[in-house]
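Indexing begins at 1, ligand by ligand and atom by atom, following the structure's order. Everything quoted here is computed from the prediction, not taken from an experiment.
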Amino acid sequence: MEHEIADPVGTGPGRVLITGAGGQLGAALAEVFPEADALTRADWDVTHPLSDLVTQCYLVLHAAAWTDVDGAESDPDGATRVNVEGTRNVVALGAPVVYYSTDYVFDGRKSEPYVESDEPNPLSVYGRTKLDGEREVRAGWIVRSSWLYGWTSHNFVRTMLRLGAEQDEVAVVDDQRGSPTFVGHLAEATKDVLELPHGVYHVTAAGDCTWAELAEAIFEEAGLDCRVRRITTAELGRPAPRPANSVLRSERGAPELPHWREGLRECLARL
Ligand SMILES: NC(=O)c1ccc[n+]([C@@H]2O[C@H](COP(=O)([O-])OP(=O)(O)OC[C@H]3O[C@@H](n4cnc5c(N)ncnc54)[C@H](OP(=O)(O)O)[C@@H]3O)[C@@H](O)[C@H]2O)c1
């Protein structure tokens, strides 16, 4: 069955499409690429093919995804439909694709940062479906990033701001390490990625921390008087396993982003 966007905007060449524009990265991309057609899930549910008539475009920034990491464990078919079959429908448009992927394609057992040539070995259903989605891409750029947050949607920064205003103490995991990346910086860097040859690139904020360290930084920057109690992943007991180390770095000349702490300050300034 073909699914047409309700209000197709232009059918000629020269169009950029953004999928998942209702999400945190999609919203940032829509600001950085104001000429693009920013499609929310209501405009295009990517699990349905789009008609060629309404989708002539030369580039797709594919930010739509099933991102509920724990929910994917109990609904692997749902996650597969969006992350794998949805990507297949995006690729079928025939334009080069920027596919945003994740640090969760790695198992976290490496003691150093992961580079592009490291072998993925996802621990979770989400990570597996995102890796399978990478393998759907025929022409374009696979941009792996990590721990995204922005000024919209659900994310760790917004959750901590809420909890920090309500509680004296929050329990936060201190045995997972990554690079929290501000979607505004990732969206800007996408322009530089487009200048690079097609391939896989690791694009994250500089520096790294644990979730507990990130929570402390959020409270400090926001002036919230809330303690962080450091707990383990096992204590938290979430359904999906997560990599202990998911710091990504590039060996392929990917754009370098500002330090995560700078991204945090920029994000807080918008909230
Ligand atoms: N969040 C992270 O920490 C992180 C880390 C690394 C990589 N990534 C990747 O970065 C990309 C953007 O993530 P994000 O953090 O911006 O996620 P997000 O805020 O959850 O946004 C994802 C968007 O995709 C939409 N979507 C879900 N199913 C869809 C479908 N069938 N058709 C069309 N749209 C659909 C969602 O709509 P609804 O809100 O209506 O469901 C949501 O607006 C994703 O590819 C993600 O895998 C994320």
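- Atom CD of Q24 and atom CH2 of W151 lie 9.5 Å apart (nearest 0.5 Å).
- Within 4.0 Å of atom 39 (O) of ligand 1, not a single protein heavy atom is present.
- No close placement of the F156 and W147 rings is indicated, their centers lying 6.0 Å or farther apart.
- Evaluated by nearest non-hydrogen atom to atom 23 (C) of ligand 1, the leading choice among S145, A21, G23 is G23.
- No donor-acceptor contact under 3.5 angstrom links the side chains of R41 and T19, judged on distance only.
- Salt-bridge annotation for E216 and R230: present, with a side-chain N of the basic residue lying under 4.0 Å from a carboxylate O of the acidic one.
- Rounding to the nearest 0.5 Å places CG of L194 at 5.5 Å from CG of L59.
- Looking at Y104 and R242, their side chains come closer than 4.5 Å, going by heavy atoms from C-beta outward.
- For atom 32 (N) of ligand 1, the nearest non-hydrogen atom of the protein is V46 N, 2.9 Å.
- Residue, atom and distance of the protein heavy atom nearest to atom 33 (C) of ligand 1 are W44 O, 3.3 Å.
- In this structure, a donor-acceptor pair under 3.5 Å is present between the side chains of D174 and T210.
- Each of the atoms 6 (C), 7 (C) of ligand 1 lies under 4.0 Å from some heavy atom of T102.
- Contacts with ligand 1 closer than 4.0 Å are made by side-chain heavy atoms of Y126 only, the backbone lying farther away.
- At a cut-off of 3.5 Å, with distance as the only test, no side-chain donor of E85 or T80 sits close to an acceptor on the other residue.
- Between Y114 and F106, the angle of the ring planes stays under 30°, which puts this pair in the parallel group of the 30/60° scheme.
- Within ligand 1, the atoms closer than 4.0 Å to a non-hydrogen atom of A64 are 24 (O), 33 (C), 34 (N), 35 (C), numbered from 1 in the order shown.
- Each of the atoms 28 (N), 29 (C), 31 (N) of ligand 1 lies under 4.0 Å from some heavy atom of V82.
- The distance from ligand 1 to the heavy atoms of S153 drops below 4.0 Å at these ligand atoms: 19 (O).
- Contact annotation: for R144 versus ligand 1, there are no heavy atoms closer than 4.0 Å.
- Listed by atom number, the atoms of ligand 1 under 4.0 Å from S101 heavy atoms are 6 (C), 7 (C).
- Nearest protein heavy-atom contact of atom 26 (N) of ligand 1 is A65 O, 3.8 Å.
- The shortest contact between atom 28 (N) of ligand 1 and any protein heavy atom is with R41 NH2, 3.3 Å.
- In summary, the aromatic rings of Y149 and H154 are positioned with their centroids too far apart to meet the 6.0 Å limit.
- No part of W66 comes within 4.0 Å of ligand 1, judged by heavy-atom distances.
- Atoms of ligand 1 lying under 4.0 Å from at least one heavy atom of T47, given by number and element, are 31 (N).
- Summary of contacts: the protein heavy atom closest to atom 12 (C) of ligand 1 is A63 O, 3.4 Å.
- Protein heavy atom closest to atom 15 (O) of ligand 1, with residue, atom name and distance, is Q24 NE2, 2.9 Å.
- Closest protein heavy atom to atom 31 (N) of ligand 1: D45 OD1, 2.9 Å.
- Contacts with ligand 1 closer than 4.0 Å are made by backbone heavy atoms (N, CA, C, O) of W147 only, the side chain lying farther away.
- Neither side chain, D192 nor Y201, offers a donor N or O lying under 3.5 Å from an acceptor on the other.
- When each atom of ligand 1 is checked for a heavy atom of G22 under 4.0 Å away, the hits are 43 (O).
- Residue S146 has no nitrogen or oxygen atom sitting less than 3.5 Å from a nitrogen or oxygen atom of ligand 1, judged on distance alone.
- Only side-chain heavy atoms of T67 come within less than 4.0 Å of ligand 1; its backbone N, CA, C and O stay farther off.
- Checked against a 3.5 angstrom limit, the closest N/O atoms of G26 and ligand 1 fall outside it.
- For Q167, the CD atom sits in a packed shell: over 12 heavy atoms of surrounding residues, nucleotides or ligands are nearer than 6.0 Å.
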Worksheet item: Does the pair N89 and L50 meet the rule for a side-chain contact (heavy atoms from CB on, under 4.5 Å), with working shown?
Response: CA-CA 7 Å; N89 289 331; L50 254 194; over 6 Å; no
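- Annotation: the span from N155 atom CG to L25 atom CG amounts to 12.0 Å, rounded to 0.5 Å.
- Shown in contact with L25 at under 4.0 Å from a heavy atom are these atoms of ligand 1, numbered in order with element: 12 (C), 16 (O).
- The nearest protein atom to atom 48 (C) of ligand 1, hydrogens excluded, is given as L148 CD1, 3.5 Å; this is a heavy-atom distance.
- Ionic pairing of E136 and K130 is not present here: no N-O contact between side-chain nitrogen and carboxylate oxygen is shorter than 4.0 angstrom.
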